[in-house]
There are 2 protein chains.
Amino acid sequence: MTGIKDVALDVGLSIATVSRALRGQPGVSADNRHRIEQAAARLGYVPSRTAANLATGRTRTVAVVVPYVSRWFFSTVVHGAEQVLSGRGYDLLLFNLAGSAEARHRVMQTHQLTKRADAVVILGLQPTPAEQTWLADHAARVVLVGASVPTWPSVTIDDEAASVTAVAHLAALGHRRIAYVGGSAEEALDFATPRARLVGFHRAMSESGLEADPALERVGGFTVAGGLAAGHDLLDLDQPPTAVFCASDEMAIGVLRAARDRGVAVPEQLSVVGIDDHEMAQFLDLTTVRQPVAEQGRQAALQVLALLDEDPPEPVPARHLVLETELVVRSSTGPAPAGGAAYGIIAGRGHRS
Amino acid sequence: MTGIKDVALDVGLSIATVSRALRGQPGVSADNRHRIEQAAARLGYVPSRTAANLATGRTRTVAVVVPYVSRWFFSTVVHGAEQVLSGRGYDLLLFNLAGSAEARHRVMQTHQLTKRADAVVILGLQPTPAEQTWLADHAARVVLVGASVPTWPSVTIDDEAASVTAVAHLAALGHRRIAYVGGSAEEALDFATPRARLVGFHRAMSESGLEADPALERVGGFTVAGGLAAGHDLLDLDQPPTAVFCASDEMAIGVLRAARDRGVAVPEQLSVVGIDDHEMAQFLDLTTVRQPVAEQGRQAALQVLALLDEDPPEPVPARHLVLETELVVRSSTGPAPAGGAAYGIIAGRGHRS
DNA sequence: TTGAAAGCGCTACCAC
DNA sequence: GTGGTAGCGCTTTCAA
């Protein structure tokens with residue numbers, strides 16, 4: 001491994017000068033700077049970040065903490081963040097919690113984060129008070145995505161508003177028995193999103209003059225399989241809903257499938273709305289509330305750069321940035337069937353094939 | 001930040017002894033070891049990996065290079081790898097190429113990789129000869145996923161065999177005009193997979209005594225949108241195929257959608273097969289050739305540990321591990337329509353809605 | 001079993 | 001403009 005010393009020897013200058021030249025600092029004659037760059041390139045010299053880190057205290061690395069890397073939403077946010085970060089020479093250290101509380105504690109409350117990265121981006125998790133004070137006490141630079149605390153910058157969407165949009169759409173179509181498929185109560189403790197969406201659901205229902213029937217609320221775990229199970233469950237009710245609002249597209253896709261399984265026509269007999277605008281949504285004709293996903297990662301990365309005095313490529317807007325959502329009407333929603341959901345009685349049930 | 005020195009001061013022992021004790025090395029009295037551990041815990045000491053790295057030359061970090069993080073396949077492989085790596089105390093540095101050749105060169109042929117990580121896992125990319133020699137010259141430990149070279153361990157599936165399985169299934173159902181939707185020629189240079197799957201397609205066709213009609217080959221870019229376009233194209237042909245084999249489920253999902261757009265019944269008029277068993281496949285009733293995805297990441301991580309003399313938790317099988325694939329028949333495939341694809345003539349075309 | 005001290009490969013301060 | 005050098009926070013001989 002050729003080091004800075006080799007370059008210095010090669011050009012017959014001091015280590016200090018080489019260091020300055022290679023980092024584009026002033027105080028090196030143009031001629032020498034040129035020779036140094038040549039030599040460095042010829043020798044295939046690349047500075048040891050580790051050593052630089054130890055000397056400067058900066059790692060040029062940002063940690064990203066994700067609940068589940070393999071989920072579309074999170075990997076897409078990571079992608080967005082990575083794009084702007086790598087453009088600025090920052091590397092990305094990925095911590096995948098995989099839903100484990102143990103991993104969460106290990107990652108969030110040790111110096112793994114603070115000693116190895118200049119900043120941390122936390123996706124989808126609501127930091128506990130303990131985590132907040134720990135991170136704050138250790139001078140961590142933190143940016144949140146999908147959650148918000150006063151202390152740190154954040155980028156989110158208005159989850160409550162997104163729910164309201166979705167439900168208002170259903171209400172406008174005449175639906176009155178609207179079911180909800182969301183996260184579980186435990187999840188709601190850790191994740192900001194499920195709770196806010198549930199709150200929004202209730203708010204929208206009452207604003208629309210409808211009653212949210214507790215019997216129509218289901219847990220879908222934000223997965224297709226969870227949505228499927230919830231959907232079956234709902235459709236097997238004696239008085240099934242005429243519409244289902246799902247807190248994510250993945251769950252909505254599961255409900256769509258459940259409807260097919262039960263021979264329930266969408267949207268004639270059942271309307272389904274999700275949130276996200278998942279890449280599959282348009283191919284499945286799913287009506288949804290679109291949120292910008294990669295953009296949330298991008299914006300979070302910009303906040304990080306600002307935090308690190310890196311004057312970001314674009315002006316960083318608000319400290320607590322709330323991105324816009326937008327209703328995308330496709331054909332999974334339609335007018336409420338006259339007389340409510342009749343298929344439970346008329347068409348009978350049973351799997352399709 | 002409390003450092004090792006603080007701990008040493010606290011217990012009244014030397015830095016050297018503390019270092020030994022904390023790393024579980026022999027040569028420390030049980031009593032002192034205990035006191036040191038207590039003190040470290042009380043002071044909230046966590047060693048600086050950077051400093052350790054500089055001193056030992058090991059980073060306890062592995063780099064993972066991904067063509068596109070946000071693609072289901074890759075993020076799932078990353079997830080699998082992360083699980084075993086984090087279990088062994090390794091951190092994961094993520095390099096997302098996002099399809100950029102410039103990024104690829106920057107990542108693969110600088111010391112980013114070799115100086116910052118003990119090993120590199122490269123997903124889905126066929127290393128060029130230049131990259132191979134560069135990495136080899138710089139003593140990089142490399143493990144490949146979805147590609148293979150003699151020099152390094154790898155974990156793959158038999159892509160050719162997967163194609164053969166899919167096509168044989170279609171042929172057995174009586175299909176003769178079988179279309180192929182895969183990657184582009186340029187992609188094939190960089191990615192091992194598209195090429196192998198195309199080769200397998202051709203092999204299977206001839207083995208089944210069928211002729212691969214070049215007019216029935218399309219580029220789908222491994223995305224749903226690409227598959228959709230290819231599907232429209234194929235179905236608009238004067239002599240459309242009765243079956244489409246797609247090199248990935250995402251493209252197959254696009255073709256499924258194209259069929260719906262054109263009012264073509266699946267599987268009655270058109271059979272569709274993919275490869276992957278994407279999480280959405282079962283919900284869309286897609287027949288596919290399943291490959292273990294997270295498992296490829298897990299196995300790659302085990303190879304990494306073996307490379308780093310970490311005696312892995314499980315025995316590492318072959319150096320060039322080839323994981324099994326399996327045909328999963330669902331209802332997107334069925335017997336070839338008698339008399340070939342007639343819908344172009346009888347049913348007319350036009351979008352559905 | 002313990003401690004002193006020499007690095008690891010840089011950066012940054014201070015002289016020149 | 002340039003060079004000498006003291007750290008950065010550890011690990012690892014080598015002696016005691």
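Every chain is numbered from 1, with letters handed out A, B, ... down the list of sequences. The basis for the numbers below is simple: all heavy atoms, side chains too, and nothing from hydrogens, waters or symmetry mates.
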Visitor: Sequence neighbours excluded and cut-off under 3.5 Å, please list the side-chain donor-acceptor pairs for residues 130-137 of chain A, or say none.
Guide:
residue, atom, partner, partner atom, Å
A/Glu131, OE1, A/Arg104, NH2, 2.9
A/Glu131, OE1, A/Thr128, N, 2.9
A/Glu131, OE1, A/Thr128, OG1, 3.4
A/Glu131, OE2, A/Arg104, NE, 2.9
A/Gln132, NE2, A/Pro127, O, 3.2
A/Thr133, OG1, A/Pro129, O, 3.4
A/Thr133, OG1, A/Ala130, O, 3.1

Visitor: What integer distance in Å separates A/Leu22:CG from C/dC10:P?
Guide: 10 Å
Visitor: Note down the inter-axis angle between the two ends of the helix from C/dT1-D/dA16 to C/dC16-D/dG1, five pairs each, to the nearest 10°.
Guide: 40°
Visitor: Compute whether any side-chain donor of one residue and acceptor of the other, for A/His320 and A/Ser154, lie under 3.5 angstrom apart.
Guide: yes
Visitor: So if I take residues 29-37 of chain A and measure heavy-atom distances to DNA chain D, which residues fall below 4.0 Å?
Guide: A/Ser29, A/Asn32
Visitor: Should B/Arg106 and B/Glu102 count as an ion pair when the cut-off is N to O under 4.0 Å?
Guide: yes
Visitor: Is there side-chain contact between B/Arg71 and B/Phe222, with at least one heavy-atom pair below 4.5 Å?
Guide: yes
Visitor: Who are the side chain to side chain donor-acceptor pair (under 3.5 Å) partners of B/Arg35, not counting sequence neighbours?
Guide: B/Asn32
Visitor: Quick one, B/Phe74 and B/Val69 - any side-chain contact, counting heavy atoms below 4.5 Å?
Guide: no
Visitor: Do B/Gln299 and B/Glu295 meet the criterion of a side-chain donor-acceptor pair at a distance under 3.5 Å?
Guide: yes
Visitor: Let me know the distance between CG of A/Asp6 and C1' of C/dC10, rounded to the nearest Å.
Guide: 13 Å
Visitor: For B/Thr156, give me all partners under side chain to side chain donor-acceptor pair (under 3.5 Å), at least two apart in sequence or on another chain.
Guide: none
Visitor: Could you walk me through whether B/Val65 and B/Val120 pass side chain to side chain contact (heavy atoms under 4.5 Å, CB included), step by step?
Guide: CA-CA 7 Å; B/Val65 180; B/Val120 191; 3.9 Å; yes
Visitor: State, yes or no, whether a side-chain contact exists between B/Asp91 and B/Thr59 at a heavy-atom distance under 4.5 Å.
Guide: no
Visitor: Each nucleotide in nucleotides 6-16 of chain D should get exactly one letter: B, S or -. Can you fill that in based on protein heavy atoms under 4.0 Å?
Guide: -BBBBBB----
